[in-house]
Number of protein chains: 2
Amino acid sequence: MELGERKKKILRAIVEGYIATGEPVGSKTLLQETGISVSPATVRNDMADLTRDGFLYQPHTSAGRAPTQTGIRYYIDNLMELKAPSQRACDYINQKLSSCADTPENLLRCAAELLSDYTGFCAVTTTPPSDGARIHRIHILGTGRHTAMAVLVTTTGMVRSKLFRCNFVVTAEITEVLQKVLNKALSGVPLSEMSKPFMQTVAASFGELLLFTPQALVALMDIAQQAQEIQLCTAGQQRILFMPDVDVHTARGLLSFQQSSEQVAKLLFSHKNGLRTLIGTECRHPELLRCTLISARYEIQGVTAGSVALFGPMRMDYAQCAGAVGYIAKAVGNLLDEMVDI
Amino acid sequence: MELGERKKKILRAIVEGYIATGEPVGSKTLLQETGISVSPATVRNDMADLTRDGFLYQPHTSAGRAPTQTGIRYYIDNLMELKAPSQRACDYINQKLSSCADTPENLLRCAAELLSDYTGFCAVTTTPPSDGARIHRIHILGTGRHTAMAVLVTTTGMVRSKLFRCNFVVTAEITEVLQKVLNKALSGVPLSEMSKPFMQTVAASFGELLLFTPQALVALMDIAQQAQEIQLCTAGQQRILFMPDVDVHTARGLLSFQQSSEQVAKLLFSHKNGLRTLIGTECRHPELLRCTLISARYEIQGVTAGSVALFGPMRMDYAQCAGAVGYIAKAVGNLLDEMVDI
DNA sequence: AGTTAGCACTCGGCACACGAGAGTGCTAAC
DNA sequence: GTTAGCACTCTCGTGTGCCGAGTGCTAACT
């Protein structure tokens with residue numbers, strides 16, 4: 001729906017006023033706080049139209065107007081001006097992120113913390129998905145008399161490790177042989193193929209070595225499994241209880257929702273690129289009915305990869321928060337670009 | 001203070017009634033639900049005494065009595081019978097714990113989850129402190145063109161790793177030499193000595209190799225640092241919002257408190273062995289004013305090590321929860337005993 | 001046709017009162 | 001030391017009345 005200029009101004013003023021105070025905005029206060037020079041009655045007429053068309057609602061007859069979800073959506077799509085973080089904030093963010101850029105996990109943890117600190121809401125970042133990653137190299141190290149460590153390096157540069165117990169005494173000779181055999185058998189194998197049946201056929205080919213390999217194979221399978229899962233970094237969950245307009249019920253819902261990593265990952269990956277804001281029912285999840293989710297996909301080498309996201313209440317400074325999410329997603333992408341190294 | 005038998009019975013009935021219902025208990029209901037065969041008036045007299053002595057309080061004149069913190073403390077110390085988990089629950093716990101007993105971290109994460117699931121409250125476990133641990137062995141692996149991985153095995157069997165970037169191309173020859181040199185220089189060194197000045201003197205002794213070692217040394221220093229810190233595993237934080245009698249203020253306090261790992265670790269390690277229950281102000285922390293903390297130290301090879309703990313509301317089934325904390329701490333200790341392997 | 005002034009109207013929030021019910025403390029008798 | 005009886009206190013839910021903010025409508029104006 002196309003709105004007239006004045007109605008746009010009024011809608012914008014109401015959305016921003018409501019965001020700032022949490023109170024429905026009346027025709028009189030609206031005129032005081034904007035430069036619009038018409039009478040309150042005119043504003044009321046426009047407000048009545050906007051209410052009829054679903055952009056505003058009245059909590060009760062003698063209250064002002066607050067924006068509906070539709071109204072906020074229109075504001076975001078047509079009226080809002082994205083606010084990038086200030087120069088000082090950008091400098092701070094870049095400096096912090098660079099200092100954590102040793103591994104992707106660390107960088108993403110740091111990014112989540114920064115975003116949460118900056119906005120005061122709950123931030124979530126994801127590692128890049130490992131689509132099509134293959135096994136690049138395997139290391140086997142002895143770490144104890146009966147324990148060893150399997151390290152898996154993928155073609156995407158990801159490194160994951162896992163300890164496993166052995167029912168034989170671990171010696172340098174054995175780990176060396178194991179490592180050689182495993183690399184020979186598994187180098188180049190896609191992570192997605194590291195299934196139980198496949199491992200059994202691999203194990204069958206080991207002949208007399210079979211005695212020493214089972215635990216290592218199980219560990220490698222676990223690592224491959226785990227490496228394919230998207231890792232989530234969450235920061236500022238405790239802030240959920242400090243968010244404006246968040247009642248216990250909403251807080252419970254949001255916390256419960258975030259307990260399921262799969263659920264969160266699925267939601268964050270349900271848009272393909274750029275910045276997206278979902279408000280209330282747009283999240284398509286009953287537990288997020290009163291929440292906002294702002295998320296951005298970051299890119300590595302020009303390809304859409306992981307996600308940077310912010311969970312907040314329905315009433316938030318969308319312009320500022322979306323600006324921050326977008327900025328941090330870009331920064332994370334750039335740093336991960338530099339990190340690619342195989 | 002020594003109480004008469006009937007008063008003990010009455011206090012116990014009030015504490016347990018209050019725990020079960022959350023409502024102050026009246027003289028009449030008390031008689032209905034216990035086998036005490038005296039008149040309500042007698043009970044009222046005793047209740048008046050118990051109130052005067054600080055064990056009970058009245059929210060208002062026409063309400064029954066609820067236990068004060070002093071009353072609950074007396075109940076825990078003198079009246080309560082610890083309830084161990086049922087045979088079935090024990091079997092379940094043991095089976096779950098065994099299946100996670102590959103690394104101490106995993107086991108403790110699993111223990112926290114079990115404790116939280118069993119009680120419905122928020123559980124925290126800690127890894128054993130690494131007092132006096134020394135470097136047992138160091139592995140250096142190439143993981144990318146410019147990245148490598150340092151793995152540190154301590155004399156206590158702990159294994160920790162960290163990736164680091166190198167400003168030279170990482171080859172098998174270099175990692176092998178590095179590993180040899182680092183092991184020679186650092187094996188047997190206590191983690192607590194891995195400080196910056198010490199590392200500088202070590203670096204100085206490397207001669208021409210100096211070019212290749214700085215990043216590895218920094219990584220090892222970081223690992224040593226990190227390995228000396230107590231790791232906390234927290235489970236069921238989202239349950240804080242579902243606990244009975246927990247208002248938003250208390251929930252905020254508890255969540256904020258748990259944000260600081262040092263703070264939590266300090267509190268958990270402030271008793272030396274066995275089972276401890278702290279209620280309300282006994283926690284000596286304003287944010288835990290309305291909370292209960294039940295914690296137990298587990299032992300490895302007969303020596304007090306880490307801690308298993310439960311954060312809950314003031315009103316909880318102390319007998320059951322303390323029983324569970326105690327049981328799981330024992331189970332964790334036993335499994336860690338078996339895991340020691342150097 | 002759009003804008004404005006005026007005015008009656010609606011409704012939430014607050015204060016207050018009132019009765020019912022639960023549970024007590026006190027007194028006098030056992 | 002224990003008990004029965006009774007008056008008392010306090011919370012909670014309900015109902016009433018008033019205030020004020022903000023509206024919608026109508027009629028007049030540009």
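Keep in mind it's a predicted model, so treat the numbers as computed, not measured. Scope of the values below: all heavy atoms of this structure, side chains included, with no hydrogens, waters or symmetry mates. So that the names make sense, note that chain A is the first sequence line, chain B the second, and so on, each numbered from 1.
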Original post:
Rounded to the Å, how far apart are A/Glu23 CD and D/dA21 P?
Top reply: 13 Å

Original post:
Are A/Arg52 and A/Asp49 close enough for a salt bridge, meaning some N to O gap below 4.0 Å?
Top reply: yes

Original post:
Using purine N1 to pyrimidine N3 plus N6-O4 or O6-N4 for Watson-Crick, or N1-O2 and O6-N3 for G-U wobble, both under 3.5 Å, which nucleotide pairs with C/dT4?
Top reply: D/dA27

Subject >> A/Thr61 (side chain) and C/dC11 (base): donor-acceptor pair under 3.5 Å >> reply: no

Original post:
Nearest nucleotide by nearest heavy atom, which residue falls closer to the 5' end of DNA chain D, B/Ser62 or A/Ser27?
Top reply: B/Ser62

Subject >> Atom pair distance, as rounded to whole Å: CG in B/Asp49 and C1' in D/dG1 >> reply: 12 Å

Subject >> Sole residue of B/Lys9, B/Arg6, B/Lys7 in side-chain hydrogen bond (donor to acceptor under 3.5 Å, both in side chains) with B/Asp46 >> reply: B/Arg6

**OP:** To the nearest Å, give me how far apart CG (B/Leu56) and C1' (C/dG23) are.
**Re:** 14 Å

**OP:** Please tell me which of the listed nucleotides, D/dG24, C/dT24, D/dT3, lies nearest to the side chain of A/Arg65?
**Re:** D/dG24

**OP:** Check the distance between D/dG22's C1' and A/Ile14's CD1 and give it to me in whole angstrom.
**Re:** 13 Å

Original post:
Just by distance, with hydrogens left out, do A/Asp247 and A/Thr250 show a side-chain donor and acceptor under 3.5 Å apart?
Top reply: yes

Original post:
What is the nucleic acid contact for A/Ala41, judged by heavy atoms within less than 4.0 Å: base, sugar-phosphate only, or nothing?
Top reply: base

**OP:** Quickly work out the A/Leu50 CG to D/dG22 C1' distance and round it to whole Å.
**Re:** 17 Å

Subject >> Cation-pi geometry met for A/Arg252 and B/Phe242 (6.0 Å, 45°) >> reply: yes

Original post:
Of the nucleotides C/dC11, D/dG24, C/dT24, which has the atom closest to the A/Gln58 side chain?
Top reply: D/dG24

Subject >> A/Ile36 CD1 to C/dT4 P, straight-line distance once rounded to whole Å >> reply: 12 Å

Original post:
Quick one: which of C/dT24, D/dG24, D/dT3 gets closest to the side chain of B/Arg44?
Top reply: C/dT24

Subject >> B/Lys83 bridged to B/Asp317 by N-O distance under 4.0 Å >> reply: yes

**OP:** Could you tell me the separation between the CG atom of A/Leu31 and the P atom of D/dT23, rounded to a whole number of Å?
**Re:** 10 Å

Original post:
Given that A/Val43 and B/Thr29 both sit by DNA chain C, which one's nearest nucleotide is further toward the 5' end?
Top reply: A/Val43

**OP:** Using atom CZ of A/Arg6 as one end and atom C1' of C/dG2 as the other, report the distance to the nearest whole Å.
**Re:** 8 Å

Original post:
Does A/Thr42 put a side-chain nitrogen or oxygen below 4.0 Å from OP1 or OP2 of C/dT3?
Top reply: no

Original post:
The side chain of B/Met47 lies closest to which of these nucleotides: D/dT3, C/dT24, D/dT23?
Top reply: C/dT24

